[in-house]
**Q** 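Supplied in structure tokens, the structure appears directly below.
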Amino acid sequence: MKTKVCLVALGLFMACAAWSASGINYDGTNLELNNDFTRTECGTQKKDVMKEISGMACSRVTPGYIWEHGDENLGSNRRILAIKPDGTQQMEVKVSTSSDRDDWEDICTGTYGGKSYIFIGAIGDNNLAYKDKYYIYYFEEPAITSGSKTITASEIVFGYPDNQAHNTETLMYDNVEQIFYIATKADGVCSLYSLPFKTDYSGKQTLTKVCDLGNGSKFNLCTGGDITPDGSWMAIKNKKYILLWERQGSESLSATATRRPTQIAAYQEEAQGESLAWEDNSTFYTTSDQKKDVPIYKYTRGGSQGGGDDPEPPVVPVDSSAKAIKEVVLTNSYYAYINEGESVIHGWYLEGEAMPSVKSYLVSDSAKWSQEGNTITVTALDKSTATYTLDIQAVSPVAFTDQEIVFDGSADEAEWLKAAYGWDDTKKWRFSKTDDDYSREIAGKTHIELFLPACDTVVLTSMKTERDVRIYVNGAQLGDKVKLVKTGLALAVEQSAPFMFSVVSAQSSGDGGIAAIRMARKATPTGIDETASEKASTKVLYNGRLFILRGTKIYTPAGQQVR
């Protein structure tokens, strides 16, 4: 009897030891093991498709696909491929750059100014020969179709603050702060550096050192990493380990990186393992840099990671309601929204343009998104589902007038002004604060979209309280954050065709709205045929552009004769 009691006690001790096992010595003490991920082999990277895979990044424009590149980046090999997670090639993009810098080591995707970008890091330097000639190539992410296309990339050239050469294989991008994070590959302590992304850099930029990673005894020679699309998790790997940092609240990722990570228990060493790509905040992929067929692994948060005869950790019940949609962005940069109590995802686009599709999305932690036609299904960890209908409709721009339009919430206004919260007598056409409270809204409710005719300037008037906003024209940000005021905010738009004008909240609290708008055009040039101008004028919308017919002649709204 005593022997049985001892055996039971030993079994309980071993079970507890398995659940509380520690990871590597990171900074003098061992890390906590993260047992939340399961590892499965989901595909094979064939060497005759692309060998020595050095970087992977999940597509944000066409969800469900992965971008990848190899180590060979000269001549015809300056290319990236779009593959399915099973390794099947879908599309090739040949990348043209002004620099012939090779040694591409990592790739990532991210958003900026309402657009999705691909970033490629020509950042390797095994012989420490480049010093201040490290490059990030970038270009707008194309939709993944099939075949091959060539894209010319822009570039950012940078160096390090110590003015020394560093070998690097990890390039990451944080959508929250729109900042690059770069981890060095050192045979000792690796360091993390940062650089804000801008599209108007000129000359060499200098990185900012964030912190050192670990003590160099175990976690060194960093080979890859990525940040989740919502910025909540950062994962960095070497060949033996993957470490995971969780962002706390609204802190900067630089602050996150200074705290202790956890170690992903499910990871098994991959020879030449250099790639890691987050699909969402619960799934990532890895593969190896080898000159042969290599497996592609998928890691999914939510499963137990027991091994051998070790007991599995207790199962934590999952909230079946955790299957909400947090954000849906269309390819025309419109942020869709869902009204309370509905299951319809509302989206809009300018009449005459091609109907947009879903560009990116965010769902509840660990939930899965799937789309078939206009039906969206979100599946929670407990397999319960929520179904939504995608409703995307064309909008005709308002007719031009040089008189101020004072909003009254009428049905006519609602034809060309789309505000998720709708009309409020106090707030007028209303937008919300930009917070993370998705219990009553998705990100589209921080926006108001106005579909406007060709014009040169727009003057917006707010409600009684001043509000910080950002302005976008056809999805591209117009300048920096501005203040919407009751006396009116004048904005130069210089649009010769109808366009989508977005007012986006830039506040962390409160809400606001717009009360009136005035549009203006420049005086008609004297080059317009006077005989034609005496005849009746007709406005025509053709292929999304507005033209003026006077007699047999055609003009742009600015007075330039087309025919």
**Q** List, one per line, each side-chain donor-acceptor pair under 3.5 Å for residues 246-256, sequence neighbours excluded.
**A**
unit_1	atom_1	unit_2	atom_2	d
R247	NE	E251	O	2.9
R247	NH1	D174	OD1	3.1
R247	NH1	D174	OD2	3.3
R247	NH1	G231	O	2.9
R247	NH2	D174	OD2	2.9
R247	NH2	E177	OE1	3.1
E251	OE2	Q248	N	3.0
E251	OE2	T256	OG1	2.6
E251	OE2	R259	NH2	2.5
S252	OG	A255	N	3.1
S254	OG	Y181	OH	3.2
T256	OG1	S252	O	3.3

**Q** In this structure, which one of Y117, Y138, F180 forms a ring-ring contact (aromatic ring centres under 6.0 Å, His included) with Y173?
**A** F180
**Q** With N332, which residues qualify under side-chain contact (heavy atoms from CB on, under 4.5 Å), at least two apart?
**A** L330, Y334, Y349, P356, M500
**Q** Show me, pair by pair, the donor-acceptor contacts under 3.5 angstrom made by side chains of residues 182-192, not counting sequence neighbours?
**A**
unit_1	atom_1	unit_2	atom_2	d
T184	OG1	S191	N	2.9
T184	OG1	S191	O	3.4
K185	NZ	E169	OE2	3.0
S191	OG	D212	OD1	2.7

**Q** Measure from NZ or CZ of R39 to the centre of the six-membered ring of Y297, then state whether that distance is under 6.0 Å and the direction lies within 45° of the axis.
**A** yes
**Q** For K218, what residues pass the side-chain contact (heavy atoms from CB on, under 4.5 Å) criterion, not counting sequence neighbours?
**A** I24, Y241
**Q** Among R79, K149, R78, whose salt bridge (Lys or Arg N to Asp or Glu O under 4.0 Å) with E92 holds?
**A** R79
**Q** Please verify the inter-ring angle class for Y299 with F284; under 30° counts as parallel, over 60° as perpendicular, anything in between as tilted.
**A** parallel
**Q** In terms of side-chain heavy atoms, does T170 have a donor or acceptor partner in K237 at a distance below 3.5 Å?
**A** no
**Q** Do the side chains of E269 and K239 get close enough for a salt bridge, i.e. N-O under 4.0 angstrom?
**A** no
**Q** Sequence neighbours excluded and cut-off under 3.5 Å, please list the side-chain donor-acceptor pairs for residues 196-207, or say none.
**A**
unit_1	atom_1	unit_2	atom_2	d
Y201	OH	P196	O	2.8
Q205	NE2	S202	O	3.2
Q205	NE2	G203	O	3.1

**Q** Could you list the donor-acceptor pairs under 3.5 angstrom formed by side chains in residues 82-91, with sequence neighbours left out?
**A**
unit_1	atom_1	unit_2	atom_2	d
D86	OD1	T88	N	2.9
D86	OD1	T88	OG1	2.8
D86	OD2	T88	OG1	3.4
Q90	NE2	T145	O	2.7

